[in-house]
Amino acid sequence: MNGRVLDLFSCAGGAAMGYHRAGFTVDGCDIADRPRYPFPYHRGDALEYLARLIASGEIERYTLVHASPPCQAGCALTVGTNTSQGWGGTHEDLVAPTRALLDASGLPYVMEQPNGRAKIRKDLSLCGEMFGLGVLRHRNFELGRWATAQPAHPRHRGYVRGHRHGIRRDGPYVAAYGNGGGKATVPEMQQAMGITWTDVREELTEAIPPAYTQWIGHAFLTARQEVFT
């Protein structure tokens, strides 16, 4: 194996599966019960768990830390449509406290957030079209203690299927979030993102495609090899 990844705010394991496919052993941590998570995981508060691992020295068994803190405070939907319509409530922003603990861990890390106003460095931006997927699902990644080049962002092949602003469009991508308005069915989301081990809609809508972190895992291994050669 290529090392061990600690997957914080792990949800159903979209990120975890990508690292696994890149050759890593993965341990998750999520505050919710995740019976479909495909690897060993600790149920509890992710930041408290990370702080405990740092204090005990157990963090040293990991090679890389991946964190996907809750993103509702800064995601495009929250700060755009929902805010303009007066929908939704307030959301806690965990980016800064997560970064502080990732820095304290002393390990290389990856912190993921969707497009929007989340206050992370956009060291890397990935899109489903880069991997031939049936979703666009743009995501930004802050990289700590390592770096890699940004891959080219190919032109999208068309629209995301569904209704938006009163217009119905068809296209090669599905909307893997919400309900109604032409949004993807559960089987469509599974196929579009390459996630087969959960059929829970809420878990699928929160997941990132494993192809993203499989690419990141390989990029990390390449960067680490270059440091020691």
Checklist entry - Do other residues, nucleotides or ligands put more than 12 heavy atoms under 6.0 Å from the CD atom of Glu60? => result no
Checklist entry - Val174 and Val135: side chain to side chain contact (heavy atoms under 4.5 Å, CB included), yes or no, with the steps? => result CA-CA 6 Å; Val174 298; Val135 290; 3.9 Å; yes
Checklist entry - What heavy-atom pair brings Gly3 and Thr63 nearest, and what distance separates the two atoms? => result CA-OG1, 3.3 Å
Item to check | Pair Ser125-Gln150, side chain to side chain contact (heavy atoms under 4.5 Å, CB included): steps then yes or no | outcome: CA-CA 7 Å; Ser125 296; Gln150 168 68 41; 4.0 Å; yes
Item to check | Heavy-atom donor-acceptor pair, Trp215 side chain to Gly18 backbone, under 3.5 Å | outcome: no
Checklist entry - Under the 3.5 angstrom rule, does the side chain of Tyr212 hit a backbone N or O of Gly14 as a donor-acceptor pair? => result no
Checklist outcome for this item: Nearest heavy-atom approach of Ala67 to Thr98 is CB-CG2, 3.8 Å
Item to check | Whether over 12 other heavy atoms sit under 6.0 Å from Arg168 CZ | outcome: yes
Item to check | From CA spacing to verdict: side chain to side chain contact (heavy atoms under 4.5 Å, CB included), Tyr62, Leu107 | outcome: CA-CA 8 Å; Tyr62 292 100; Leu107 292 177; 3.9 Å; yes
Item to check | Main-chain N/O of Pro69 paired to Gln113 side chain as donor or acceptor, under 3.5 Å | outcome: yes
Throw together a table of side-chain donor-acceptor distances under 3.5 angstrom for residues 182-192, partners on residues two or more places apart or in other chains.
from, atom 1, to, atom 2, distance (Å)
Thr185, OG1, Glu188, N, 3.2
Thr185, OG1, Glu188, OE1, 3.4
Glu188, OE1, Arg161, NH2, 3.0
Glu188, OE1, Thr185, N, 2.9
Glu188, OE2, Arg161, NH1, 3.0
Gln190, NE2, Thr198, O, 2.9

Item to check | Carboxylate-amine/guanidinium proximity below 4.0 Å for Arg34 and Glu203 | outcome: yes
Next on the checklist: Can you confirm whether the side chains of Tyr177 and Glu206 place a donor and an acceptor under 3.5 Å from each other?
Outcome noted: no
Checklist entry - Are the ring centres of Tyr159 and Tyr173 closer than 6.0 Å? => result no
Item to check | Under 3.5 Å: donor-acceptor pair, side chain of Arg121, backbone of Leu143 | outcome: yes
Next on the checklist: Would Glu142 and Lys122 count as a salt bridge (Lys or Arg N to Asp or Glu O under 4.0 Å) here? Give the steps.
Outcome noted: CA-CA 6 Å; Glu142 178 176 315; Lys122 296 179 181 179; over 6 Å; no
Next on the checklist: For a quick test of reading the model, state the closest non-hydrogen atom pair linking Phe220 to Pro108 and the distance between them.
Outcome noted: CE1-CB, 3.7 Å
Checklist entry - So which of Thr148, Leu221, Leu124 actually passes side chain to side chain contact (heavy atoms under 4.5 Å, CB included) with Ile216? => result Leu124
Checklist entry - Are side-chain N/O atoms of Asp7 and Tyr37 paired as donor and acceptor at under 3.5 Å? => result yes
Next on the checklist: I'd like to know if the side chain of Arg164 and the backbone of Arg169 have a donor-acceptor N/O pair within less than 3.5 Å.
Outcome noted: no
Checklist entry - Are the side chain of Asn2 and the backbone of Ala22 linked by a donor-acceptor contact shorter than 3.5 Å? => result yes
Checklist entry - How far apart are the closest heavy atoms of Ala175 and Val160, and which atoms are they? => result N-CG1, 3.6 Å
Item to check | Closest non-hydrogen atom pair between Phe9 and Ser68, with its separation | outcome: CB-O, 3.1 Å
Item to check | CA sep, side-chain torsions, deciding dist, call: Asn179, Arg201, side-chain hydrogen bond (donor to acceptor under 3.5 Å, both in side chains) | outcome: CA-CA 9 Å; Asn179 286 287; Arg201 175 176 284 274; 3.2 Å; yes
Item to check | His66 side chain to Tyr109 side chain, donor-acceptor N/O pair below 3.5 angstrom | outcome: no
Checklist entry - Looking at CG of Leu53 and CG of Leu6, how far apart are the two atoms once the value is rounded to the nearest 0.5 Å? => result 6.0 Å
Checklist entry - Which is it for Asp30 and Arg43 under the salt bridge (Lys or Arg N to Asp or Glu O under 4.0 Å) test, yes or no, and what are the steps along the way? => result CA-CA 5 Å; Asp30 198 277; Arg43 184 177 179 185; over 6 Å; no
Next on the checklist: Using every non-hydrogen atom in the two residues, find where Gly44 and Cys29 come nearest and quote the distance to one decimal.
Outcome noted: O-SG, 3.6 Å
Next on the checklist: Looking at Arg137 and Ala207, would you say the former's side chain and the latter's main chain have a donor-acceptor pair under 3.5 Å?
Outcome noted: yes
Checklist entry - Parallel, tilted or perpendicular: which fits the ring planes of His20 and Phe39, with parallel below 30° and perpendicular above 60°? => result tilted
